[in-house]
Amino acid sequence: MSTFLRQFHIISSLKNNYDRDVIPFYKVIAPVLSRHPAVRKMHTQSINKNLQLKSVDEIQNASTKKKPLAVILAWMLAKETHIEKFRALYISRGFDVLTVNMAPKDLLFPVSGSQVIAKNVLDYFTSHENYEDIVVHAFSVGGYMMGEMFVQMRKDAEKYKDITSRIRGVILDSAVDFEGLPTGFPRAVTKNPITLKVLEWYVSTHLALMFNVATKHYLTSSKNFHNTPLKCPALVFVSEADKVGSPVANQMVIDNWQARGVDVKLKCWKDSKHVSHLYKYQDEYVAEVDKFLSKVNLLPSKL
């Protein structure tokens, strides 16, 4: 028998054995799919240009169901792919998620920007009373936004009187208050060293020259942020490597909150970047969030 024929018989034999022994793919995957049903379709509602709701329920049904609500006060110019990781964390734990975004101009001109957004968030709470349990997760300038929310809550105490009891927990991630704006704002907009210097100069000038337009509102927000009207537990994430939401600045907030009777836990890493703790220490970050949700009785018994 020629070499060619011997090789042909060997290959044919291998092919026949392979066809006989291999189990069809659909028979392998079917039991797996039965144990892990397909992920339910996500429903999204754009409430306005700054607020977006996501739920596994139809939005019209979500407004009547009693579910916990996670409010993500996003960092400036946050990418959807990054925010989605945090949304998924909460949605997988039975929450609906309200994402709040703030543009640079909203920060620079708070009367027509951040203050309007803060009021819209609170009005959403009052018009959706089915969300009896709320967790606020604030990133970077979300700390400033929270201060603006506290200003509105004190300004119209009667309208927003029930919100303090409905907010069951607060998580701060790399929080930035007034003192972090000159360094935090430029770094949220660009990574170019020359542009950074120009923006730092611009923000410092803006704070000096626009006192009535902006600076006095930042100071009022900061005062209200440090003197929180909330009594619910809080969890604070920081990093020693973060020059924007520094541990020192966050410790001042913690000290003031603890003086007002708030139960605060601090988690500090050594080398994670600004609002990047989840990406570098995912397992540890998620474990801390789960312990916190369990502490405020909002972690489902089965995950």
Side-chain angles (χ1 to χ4, degrees), residues 45-53 59 62-64 66-74 76 95-103 105-172 175-178 181 210-234 253 256-257 259-262 264 296 298:
Q45 179 187 30
S46 294
I47 299 161
N48 56 42
K49 64 179 182 179
N50 303 107
L51 273 63
Q52 181 193 79
L53 180 72
I59 297 299
S63 63
T64 59
K66 291 187 181 298
K67 297 177 63 180
L69 177 70
V71 181
I72 293 178
L73 303 180
M76 196 174 299
F95 285 74
D96 286 349
V97 179
L98 180 70
T99 305
V100 182
N101 289 294
M102 178 171 56
K105 66 180 179 60
D106 297 323
L107 177 63
L108 292 174
F109 301 99
V111 174
S112 59
S114 56
Q115 292 179 4
V116 174
I117 298 170
K119 188 175 185 303
N120 287 341
V121 174
L122 296 174
D123 287 344
Y124 185 85
F125 294 165
T126 58
S127 62
H128 292 76
E129 295 181 349
N130 57 299
Y131 292 124
E132 296 177 353
D133 301 316
I134 300 170
V135 171
V136 179
H137 199 142
F139 299 84
S140 190
V141 293
Y144 157 71
M145 175 59 69
M146 186 175 292
E148 291 287 12
M149 289 168 61
F150 293 165
V151 171
Q152 296 294 328
M153 288 166 67
R154 288 191 166 104
K155 187 181 293 185
D156 201 341
E158 181 60 29
K159 181 179 181 180
Y160 302 127
K161 63 183 179 181
D162 72 322
I163 290 178
T164 53
S165 62
R166 290 166 61 194
I167 297 178
R168 301 277 299 279
V170 170
I171 300 176
L172 301 180
V176 173
D177 192 20
F178 172 75
L181 291 180
M210 307 285 281
F211 182 84
N212 288 325
V213 174
T215 309
K216 72 176 185 180
H217 299 291
Y218 301 149
L219 292 171
T220 301
S221 170
S222 178
K223 179 181 177 180
N224 279 268
F225 182 51
H226 282 259
N227 294 281
T228 175
L230 304 177
K231 299 298 181 184
C232 61
V253 176
N256 283 318
W257 284 18
R260 297 180 66 83
V262 177
V264 186
V296 297
L298 291 179

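What you see below is based on every heavy atom in this structure, not just the backbone, and it leaves out hydrogens, waters and symmetry mates. None of the values given here were measured: they were computed from a predicted structure.
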Tell me the closest heavy-atom pair linking Met153 and Tyr160, and the distance in Å. CA-CD1, 3.9 Å
Minimal non-hydrogen separation, Val262 against Leu230, with atom names: CG2-O, 3.4 Å
Report the residues that fulfil side chain to side chain contact (heavy atoms under 4.5 Å, CB included) with Lys216, sequence neighbours left out, ordered by chain and then residue number. Phe211, Asn212
Write down the atom of Thr126, the atom of Glu129, and the distance for their closest heavy-atom approach. O-CG, 3.5 Å
Step by step, work out the side-chain contact (heavy atoms from CB on, under 4.5 Å) result for Ile47 and Leu98. CA-CA 10 Å; Ile47 299 161; Leu98 180 70; 3.5 Å; yes
As an exercise, state the distance from CG of Leu53 to OH of Tyr124, rounded to the nearest 0.5 Å. 4.0 Å
Distance from His128 atom NE2 to Asp96 atom CG, nearest 0.5 Å? 10.0 Å
Looking only at non-hydrogen atoms, find the nearest pair between Leu298 and Phe95 and report the distance. O-CE1, 3.6 Å
Salt-bridge present (Lys159, Asp123; N to O < 4.0 Å): yes
Ser114 side chain to Met145 main-chain N or O, any donor-acceptor pair under 3.5 Å? no
Is the centre of the Tyr218 ring less than 6.0 Å from the centre of the Tyr144 ring? yes
Which residues pass the side chain to side chain contact (heavy atoms under 4.5 Å, CB included) test with Asn224, not counting sequence neighbours? Phe150, Val151, Arg154, Thr220
Checking Arg260 now: which residues fulfil side-chain hydrogen bond (donor to acceptor under 3.5 Å, both in side chains) with it, not counting sequence neighbours? none
Report yes if some heavy atom in the side chain of Val100 is under 4.5 Å from a heavy atom in the side chain of Met102; otherwise report no. no
Distance from Asn48 atom CG to Asn120 atom CG, nearest 0.5 Å? 5.0 Å
If you take all heavy atoms of Val170 and Ile167, which pair is closest and at what distance? CG2-CG2, 4.2 Å
Here the gap from Leu73 atom CG to Ser140 atom OG, rounded to the nearest 0.5 Å, amounts to 11.0 Å
Pairwise distance CD1(Ile117) to CG(Leu51) - rounded to 0.5 angstrom: 8.0 Å
Begin with the C-alpha distance, continue with both residues' side-chain angles, and end with the deciding distance and a verdict on side-chain contact (heavy atoms from CB on, under 4.5 Å) for Val213 and Leu108. CA-CA 9 Å; Val213 174; Leu108 292 174; over 6 Å; no
Do His226 and Asp177 pass the side-chain contact (heavy atoms from CB on, under 4.5 Å) test, and can you show the C-alpha distance, the side-chain angles, and the key distance before you say yes or no? CA-CA 9 Å; His226 282 259; Asp177 192 20; 2.9 Å; yes
Minimum heavy-atom separation for Pro110 and His217, please, with both atom names. CG-CB, 3.9 Å
Crowding at NZ, Lys231 (>12 non-hydrogen neighbours, <6.0 Å): yes
Sort out for me which residue in Lys67, Lys66, Arg166, Arg168 forms a side chain to side chain donor-acceptor pair (under 3.5 Å) with Glu132. Lys66
Let me confirm one number: the CG-CG distance from Asn50 to Asp106, rounded to the nearest 0.5 Å. 5.5 Å
Ignoring hydrogens and geometry, is there a side-chain-to-backbone donor-acceptor pair from Trp257 to Phe225 under 3.5 Å? yes
